[in-house]
Every structure is written in structure tokens, then in C-alpha cells.
Amino acid sequence: MRSDEPLHILIVDKSNDEANRFISILRSADFIVEAKLATNEEQLQKTISIRNWDLLLAAQDYSKIPTQNIFQRIRRAERDLPVILISQEYNPKKVIEGMRLGAVDVVVEDQDQHLIKVVQRSLRSVYERRQSRELERKLSIAEKRAQHLMDISRFPIAIIKEGVYIYGNDACANIFGFSDVDEMLCMPIIDNIGSRDREKLKAYMVPLQSSDELMPFEAVIKIVDADGKETDAFLQIQQIQYDAEPALQFTINKDKLFDASMDHSEQQKTTEYSAIQPQLVYELISRGISRSVQSGQDCMLLNIQVDRFSQLKEDLGIAKAEKIAHSLVMFIVQLFDHNLDCGRISENCFVIVLPDTAEEKALDLAADICAQISQQVFDIDDETFSLTTSIGITGLNENVPSVERGLERSEEAIAQLREDNSLGNGAKFYIPDIHSDDISKAEAVVITAKNLLSKDAFSIRYQPIVALIDGGSGKEYYEVILGIKKDIPAREIPEDFITNLFKSEIAAEVDRWVIGEALNSLTEKLKTNPETQLFINISAQSFADSEFLPWLQKALSASKLPANALIFQFREIDAVRYLNQAAALCEEMKKARGQVGISNFGLAINPLKTLERIKADFVKVDRVIVEKLANAGQDKAAQERAAQGKEQFQKIMAGMTGTGVDVIVPFVETATIIPILWQQGVQYIQGHYINKPSFTMDYDFSEGP
């Protein structure tokens, strides 16, 4: 339970004075207390049934409500309600008696600090139990959904227990020649495996134990149908829980059989490693964490990055820097003489996951990679380059809560390495800082956001987006910009709050607040100008949330506004990371005749590739590209950067030709850049030169830029 959430306490005592004393103690410990007093059993019974209370404080010697009766009332009401008994004096017998009845502790009434510690401990426990029950409910829903997906899957799927079928879908029955799924049940699966492959699956035919999970299995084998006919199949086996007991899921993956049969050349395989595939890397790291949990031995994550890559990109251009990165990846892969779990997550981040590897071995291996790279000369377009790399290493085990945290740890190791040695060229293992305040900073963002939401202290402003080309669409576009009301002291706001807010767990809640406020404002605006539309930025948490679209549909229905009144905009980096979810959101918006935009566009290696999956209506060019265009300067380096920016921008504009996607250039701060944008055919511009963000939508679009 977070400290900014109200603490709902039920107090059993003889008077308000005693109850207020407890409330005062807890409020002095920064709890937000909402309390109710029960002075007799009738009040107690009625009050317990009102809600789920967080805590019950009761005087142990209160004659009107005997302690034993309190616990009877709680059990009858079937409430998970921790009870702290307050005793007038310390008495070991009373302590034992109270805890025997079910109290979490017995506290002497004048021991304030003891009471606070017991309250904190009790709240943590009840919160964990509630969370566990919520997860059980979600697990039940997920299991039903998984069952449905197995039923309708085009892949044959079977559940095996002790070597016999306990479930099969229609596709499985068909591939093995059964007329009905019921014919399969209780039959041994070994009869459907080719005789030469049975030995491979021997370990999967024995009774299973939840405490000793089997490693996943993948291979091409021979399967046998009811008529004895053998065919090739790509079989995947993994241990699962089915009906709350360990079982095996057998999946015949037809797509992977095709991939396994293809003849890939070594050059093709190596080239595939250098493609930026964030989803593949996330899957590799997730698999590494799962494997470590199952085997008890850590996997190691190696995050390999070129030193001074940003400078290299500025000096040589994006295209040549990409060729260098490609050559480096191929060189690293060739250092290994076995199949490698690896992938490239960004232009300067190559990840290797090493199974069952000790810290010392991973450090030695990483140091050797750095040394060999530093001695290698890379030939690119008749030029030669020497490179150095920094490698951040972290263990993947049950203490790594997520893929993101594993990557963050490796990034922190690189940052520590470069802090110690600005040149990099080395490897460092992540060592957590026990004094680190990273967690408290993240919590501070969430707590601040919740406080601002509860106080209605967020604000939104509107910045116009103006047509650069005469004629335009006739629409009046504004972007909604989130801010904080001026009466909130700056000291109460964490550093980089707005930036970090949309990386936090509360981002989706703030998105919904912004949408609600924007809908209210737009309802009024449309009365005077029905051609107004709002761009609203949403976080990855929102479009990755399956409940977001249903909520949005209800909000639009309640406001009686059409879906095309809002244009939802998300960052390119988020779209790449959650490509399927972003594409699904875009598709649903299209069905409702709504529109979608991608902001911070153009920094990916191949930004136009994203538009093949996400059918956006607008793209907003990233600020970095705009600044290169605007800041030509007098010195040679500035002119070269401006030329690179112009080339990069021209590629984007050329890629937009014929797509129907409109380009928005933000951060137009002076008039000097406008002729360049006009020549390139930019449709819309935005920035302080046009108009600063305002609390009202009152820009005169007839004036033009």
C-alpha cells in the first residue's frame, strides 16, 4: 500500500478521544487516515459489512466488545482484516492469548513507535494478500483465454500428463487422423511419435513435479497418424500448469518447420544478426530469465556498445555509421563457434545472452571481445576504422523483475565504466548500489502524479498546428500539452517530472485524465468551430493496455463527439517496441474513422519501415532533425550537420510521397527554416514562431504562418 493512499481503519474502543489518539499517531507518521469508531457489537457488525477495511485497532480489555467476539464477527463476515490489539500494560499472557485468537500483534498503548511499525508490517501483508488474490483472478481469466486460443488455434496443440493425452484441439485430432478429439483422450502420445524419435522424448513421458521444471524442447521429428503414415513436424514442448497441476504442452508448429527446412547461407545468417529487432531481443532476455529461474544457474546479459557512436554518426553520417555497426556485429558473431542467443535492439546496442555462465567467465569473455575489437581494423567504403566498445554485464535471474530492468542494469554498468574511464574500451559487471535512490525517484513520480490528480493540479494547454501549404485540409489543429498549475511549488515536483511520468506505471491514468479534459474543452470549441481537431499524446502504457480502447469508446460516447475529433499520437520509439499493439490501435481507430500520428519520427534506422505496419495519418519529425536544419551556423562542422539533417529530412519527405501521410515539423522557432520546409513540401508546422501554447484555443488560422 502506497503512503499516498487513504488508510481505512476500524477502531474498537470506548470513546472518540481514544480513537483520535490513534489517528493522530498514524497521521504524524504520514498516513492519510480515514477511520470509523465502533463502541458496541451492533456497530461493529454493521461497520465490518460496509467495506473492506485495511486494519482494525481494538482495546484488548474493552468489556462491551470482548476480544473473542471481534474475531468471530470478522470470520462470519469473511473479511481479510488484520487486527492489532492495544493493551494497557505489557503482559506476556495477554500477548499470547491475543495472538492465539488471531491478532497480528499486541501493543502497549503508550508505545507509539511500536504501533507504527506493526501497522506498516500489517499493511504490507494485507496488500500482498490482496494483490495475490487479484493475480489469481487475472490468472483464471488468462487461463480461460488461453484455453479458448488453444481450441481455435490453427496449430495442433495437445496437453500431455504422464505420457497420455488429457487435451487436444481439433487441429491436433486432424493431423493424427482422429475423427474426434474425444478419441485421443487417455491414449499414449508415444504411439504418434516415430520410432527413431521416441528416445528423444523419453524424459517427457514421466510424472512431473512442479518444483523441478523440464527445459523446453524444440526439434523436427517424425509423427505417426492413426493409419501409420509418418510425416515431418516441428515439435515444441514446454512444461505448463493445467488444471492447477504440472503438465506438458505439445505444439506442432507448421511455420517453424518451413523455416527449419530452408537452406540459409552463413552470410545470410550473420546478416540477420545485425538487423534491429527489439522484439526478438526482448524474447531472448525473457527466455534467459525463465531459464535461470528453472535451472537455478544465472544467465548473463552482455550489452555491447560502440564508444563515441554519436560522434561517429555526426562525423560520418547515419549510413556509414550503420555500415560500421553492421561490420562490428558480424565480427562479434564470428568470434563464437556455436549458435548464439543474440540480437540488436537499437543502432548502438547489441545484446548477447549466455546461458548458465558464471560472473567471472562472463567478465573474461567480455574483456576478450573488447580486446579483439580494439585490435581489429574495419574496412568500410575504401576507408579503415578502428573501434572500441564498452560492455555492460548483468546476471539474469529471479531477482531481475523484467526484461526492461535487465537492460537498465547493463546500461548502468556501461555508465559506471565510462565514468571511471571516459574512453570506455572495457567490460564491467553491474553492481547494485545499496544507497541508490532510483526506486525512490520512480516512486516519487507516481506519488506526485497521484497527488496532482487528486488535487486536480494538472493543466493542459493548446498549441496550434498550422498548414504551411495553401489550401490545407480546412481543419484547425491543436496539440494538447500537459503541464502543472502555477500554484504548485516547484520543490514538490521531481526533476524531469513530465518526461519521467510517461515512463511510469501511472502514465495510462494520466492519459485518461488528459483525454477527459480535452473532450470537455473540445465540446465547447466545436460549438463555434466544428472543424477543430486535437492531437493528444498517449504513452506506450495506454496503447499496450487492452482496456484502453473500450474505455475510449465509452468516453467518446458519453461526450457525443465523433472518433475523428481526436488524433492520437505516440512516439516512434514506443511504436517500434510495441509494434503489434500500435498497429492494432491504428486499425481500430481507422474503423471508427479516427486518426493516428507518430511523433519523434525519423530517428530509427529505417523510419519508413514502421509506416508499413502502422497506417498513420500524420508523422511529426523529431526535434533533433529540425535543429540540424535550423542551426546551419558559420563553422564547417555546423554546416556539415545541417547538410546531414537536410539529407535525412529529404529522405523522409521522399518516402512520404504518395502515402497520404501528412508531415508536421515542430519546434519552428524562427522564420529562417520555413522556406526550406516549404520547398520540401511539408504540410504542417508548429512552434513558438507560430504561437506559444495557450490555455485557450483562440489562434486565428486565417493569418497563416
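Just so you know, these numbers use all the heavy atoms, side chains as well, and skip hydrogens, waters and symmetry mates.
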request  = Determine the minimum heavy-atom distance between Ser542 and Ala508, stating which atoms define it.
outcome  = OG-CA, 3.5 Å
request  = Return the minimal non-hydrogen interatomic distance between Asn600 and Arg571, and the atom names on each side.
outcome  = OD1-CG, 3.4 Å
message = Looking at Glu136 and Arg133, is any side-chain nitrogen of the basic one under 4.0 Å from a carboxylate oxygen of the acidic one?
response = no
message = Which residue is it: Ile498, Leu453, Ile515, Ile538? I am looking for the one with a side-chain contact (heavy atoms from CB on, under 4.5 Å) to Val510.
response = Leu453
Rounded distance (nearest 0.5 Å) linking atom NZ of Lys620 with atom CD1 of Ile664 = 5.5 Å
Check: Met653 and Thr657 side chains under 4.5 Å, non-hydrogen atoms = no
request  = Determine, for Glu509 against Lys450, whether the closest basic-nitrogen to carboxylate-oxygen distance falls under 4.0 angstrom.
outcome  = no
key: Salt-bridge criterion met for Asp54 and Arg130 (N-O under 4.0 Å)   = yes
key: Glu412 and Arg409 ion-paired at < 4.0 Å   = no
message = I'd like to know if Arg124 pairs up with Glu128 as an ion pair, taking the criterion as any Lys NZ or Arg NE/NH1/NH2 lying under 4.0 Å from an Asp or Glu carboxylate oxygen.
response = no
message = For the CD atom on Glu419, are there more than 12 heavy atoms of other groups (residues, nucleotides or ligands in this structure) within a distance under 6.0 Å?
response = no
ask   = What's the verdict on ring pair (Phe, Tyr, Trp, His ring centres under 6.0 Å) for Phe570 and Phe568, showing C-alpha distance, side-chain angles and the deciding distance?
value = CA-CA 7 Å; Phe570 41 81; Phe568 289 103; 9.2 Å; no
note = Nearest heavy-atom approach of Leu407 to Val351 is CD2-CG2, 4.2 Å
query = Taking 4.0 angstrom as the limit, do Glu587 and Lys590 come out as a salt bridge?
reply = no
ask   = Does the distance from a Lys or Arg side-chain N to an Asp or Glu carboxylate O, for Lys475 and Asp662, drop under 4.0 Å?
value = no
query = Within a reach of under 6.0 Å around CZ of Arg593, are more than 12 heavy atoms found that belong to other residues, nucleotides or ligands?
reply = no
request  = Tell me yes or no: between the side chains of Gln305 and Asn303, is some donor less than 3.5 Å from an acceptor?
outcome  = yes
query = Taking atom CG of Leu526 and atom CD of Gln533, what is their separation to the nearest 0.5 Å?
reply = 9.0 Å
Intermediate values then yes/no, side-chain hydrogen bond (donor to acceptor under 3.5 Å, both in side chains), Asp545 and Gln541 = CA-CA 6 Å; Asp545 182 3; Gln541 287 87 335; over 6 Å; no
ask   = So is Arg623 actually on top of Phe667's ring, under 6.0 Å and inside 45° of the axis?
value = yes
note = d(Ile488 CD1, Lys455 NZ) to nearest 0.5 Å is 5.5 Å
key: Check: Val661 and Lys615 side chains under 4.5 Å, non-hydrogen atoms   = no
remark   = Between Arg418 and Asp307, the two heavy atoms sitting closest are NH2-OD1, 3.0 Å
task = Using distance alone, with no hydrogens and no angle criterion, decide if Asn520 and Glu524 have a side-chain donor and acceptor under 3.5 Å apart.
result = no
Side-chain atoms of residues 458-467: list all donor-acceptor pairs with protein atoms under 3.5 Å, sequence neighbours left out, distances to 0.1 Å.
{"unit_1": "Tyr462", "atom_1": "OH", "unit_2": "Ser521", "atom_2": "OG", "d": "2.8"}
{"unit_1": "Gln463", "atom_1": "OE1", "unit_2": "Gln686", "atom_2": "NE2", "d": "3.1"}
{"unit_1": "Gln463", "atom_1": "NE2", "unit_2": "Asn691", "atom_2": "O", "d": "3.0"}

request  = Would you check, one step at a time, whether the test ring pair (Phe, Tyr, Trp, His ring centres under 6.0 Å) holds for Phe535 with Tyr478?
outcome  = CA-CA 6 Å; Phe535 282 78; Tyr478 290 89; over 10 Å; no
Evaluation steps, side-chain contact (heavy atoms from CB on, under 4.5 Å), between Trp513 and Asp456 = CA-CA 10 Å; Trp513 180 88; Asp456 196 24; 3.7 Å; yes
